[in-house]
Amino acid sequence: MVPFSESAALIALLRTGSRPWREYAELVEDAGSARAVLEQERGRIEASPRLFEPDDDFRIHTAAAEIAGWKAQGIRVLTVLDAEYPDNLRAVFDRPPLIFVAGSLLARDDRSVAVIGSREATGRGTRSAGQIVEHLVAAGYAVVSGLAAGIDTAAHAAALAAGGRTVAVIGTGLTRCYPPQNSALQRRIACECAVVSQFWPDAAPSRRSFPMRNALMSGLSLATVIVEASQTSGARSQARFALAHGRPVLLIESLLEQAWARELSSRPGVHVVCSAAEAVSAVQRLSDPDALVA
């Protein structure tokens, strides 16, 4: 168990530090201590001193109070120093130094597949997503998606209906919901499974937050299945992240009606499947956890 003060020190570091967050993830893991990195970074933090600059102990005390407040709201902080930090995510180069969790992430959630697609889903796409999810759940996989309208909503709902595990990765803080119409679904997933965010709990949605959400979804998953998506869909950004993470991307064959999907299908690591059964078979063949790369 990582000392509570280390989680608070990491919060303090991220609140005051000047480096990109993913750099802090590596520094903290290498040092084995967020407090040690906070002390090392004092010179950077104080390079532009402010009047009445608080010391590290004050910062940590303030962060500890934040963590206690989040806990009271049912939000847990998992840092890269925690054994419970997801193994799949730990294996990627751009892992966040911490994630916020409502509900419970289980060890078996590492056997997970992202099922994503268009917010403006067709009936065919919704049915396809449901069938793929049912097959994944039957094969013992957890289903990761982004709680967006359309395909994401269908994927989460199908996993719950099948009695499976589903993890919602959102582009806001955990005290918010986007889109608002999915607030009941978000609460149910938090109650029965897990909702995950890399953003401060009160963070609002932004143009930047949703691509970051896609990167986190890829990092948490053994593979990404794109069911239905347009030229401008965020699913395309997740495909790029997945390939950078060394994770396979599966395209449903009907996507090849679009030029972007035909181009993507020619890249190493991308596979075209024709049915739900073929999608699950491909996931089983391609997602050996021992093959994950950073």
Side-chain angles (χ1 to χ4, degrees), residues 1-4 6-7 10 14 21-34 37 75-116 133 136-137 139-147 155-156 159 164-170 174 189-190 192-199 212-225 238-250 269 280 282-294:
M1 178 71 69
V2 173
F4 180 77
E6 282 293 337
S7 297
L10 180 56
L14 297 176
W21 277 27
R22 78 184 203 185
E23 288 188 23
Y24 284 127
E26 185 170 353
L27 288 170
V28 168
E29 282 191 303
D30 287 347
S33 168
V37 177
I75 297 171
R76 185 181 181 197
V77 179
L78 285 180
T79 79
V80 289
L81 296 176
D82 288 296
E84 300 93 337
Y85 188 91
D87 287 344
N88 291 348
L89 190 57
R90 196 185 297 280
V92 300
F93 66 91
D94 54 355
R95 59 199 173 280
L98 56 75
I99 56 174
F100 299 91
V101 181
S104 298
L105 281 175
L106 305 181
R108 62 189 175 98
D109 292 337
D110 281 336
R111 196 167 189 266
S112 62
V113 176
V115 179
I116 61 171
V133 167
L136 286 168
V137 169
Y141 289 96
V143 174
V144 174
S145 200
L147 203 71
H156 290 305
R165 292 277 303 173
T166 189
V167 176
V169 182
I170 63 174
L174 289 177
I189 295 172
E192 299 180 20
C193 301
V195 181
V196 177
S197 173
Q198 64 186 304
F199 306 108
M212 293 175 68
R213 182 271 315 264
N214 288 114
L216 182 59
M217 270 199 286
S218 169
L220 286 167
S221 307
L222 296 172
T224 291
V225 181
Q238 182 153 335
R240 291 192 293 272
F241 289 124
L243 294 178
H245 292 157
R247 310 285 167 83
V249 175
L250 279 64
V280 175
V283 166
Q284 291 172 324
R285 185 178 72 254
L286 296 167
S287 63
D288 178 0
D290 294 335
L292 296 183
V293 297

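The two residues S104 and A194 have their closest heavy-atom pair at O-CB, 3.6 Å. Smallest separation of non-hydrogen atoms from E6 and S33: OE2-OG, 2.8 Å. When all heavy atoms of A242 and V249 are compared, the pair lying nearest together is CB-CG2, 3.6 Å. For the pair L216 and P96, the tightest heavy-atom approach, listed with the atom from each and the gap, is CD1-CG, 4.1 Å. Heavy atoms only, all atoms of each residue included: L27 and V37 are closest at O-CG2, 3.6 Å. Across every non-hydrogen atom of Q284 and Y141, the tightest pair is CG-OH, 3.2 Å.
To the nearest 0.5 Å, atom CG of residue D87 and atom CG of residue L220 are 11.0 Å apart. Here S7 contributes atom OG and D82 contributes atom CG; the two are 5.0 Å apart, rounded to the nearest 0.5 Å. Here CG of L14 is found 5.0 Å from CH2 of W21. Values are rounded to the nearest 0.5 Å. Taken to the nearest 0.5 Å, the OG atom of S112 stands 10.0 Å off from the CG atom of L136. Taking CZ from R76 and CD1 from I99, the interatomic distance works out to 9.5 Å, rounded to the nearest 0.5 Å. Taking CG of L174 as the start and CD of Q198 as the end, the distance is 11.0 Å to the nearest 0.5 Å.
Side chains of I116 and M217 form a contact here, defined as non-hydrogen atoms less than 4.5 Å apart. No side-chain heavy atom of Y85 sits under 4.5 Å from any side-chain heavy atom of P97. Taking the side chain as every heavy atom from C-beta outward, P86 and D109 never approach each other to under 4.5 Å. The shortest distance between side-chain heavy atoms of S221 and N88 does not fall below 4.5 Å. Contact check for T79 versus V28: no side-chain heavy atoms found under the 4.5 Å cut-off. The side-chain heavy atoms of L147 and I189, taken from C-beta on, include a pair separated by under 4.5 Å. For the pair R22 and F93, the minimum side-chain heavy-atom distance is below 4.5 Å. V283 places none of its side-chain heavy atoms less than 4.5 Å from the side chain of L222.
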CA sep, side-chain torsions, deciding dist, call: I170, V195, side-chain contact (heavy atoms from CB on, under 4.5 Å): CA-CA 7 Å; I170 63 174; V195 181; 4.0 Å; yes

Pair V77-F100, side-chain contact (heavy atoms from CB on, under 4.5 Å): steps then yes or no: CA-CA 5 Å; V77 179; F100 299 91; 3.7 Å; yes

Worked verdict on L10 versus L81 for side-chain contact (heavy atoms from CB on, under 4.5 Å): CA-CA 10 Å; L10 180 56; L81 296 176; over 6 Å; no

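Residues meeting the side-chain hydrogen bond (donor to acceptor under 3.5 Å, both in side chains) test with Q238, sequence neighbours left out: N214, T224.
For the pair T166 (side chain) and V143 (backbone), a donor-acceptor distance under 3.5 Å is present. Of the possible donor and acceptor atoms, none in the side chain of R90 sits under 3.5 Å from a partner among the backbone N and O of R95.
Open room surrounds CD on E26; 12 or fewer heavy atoms of other groups in view lie less than 6.0 Å from it.
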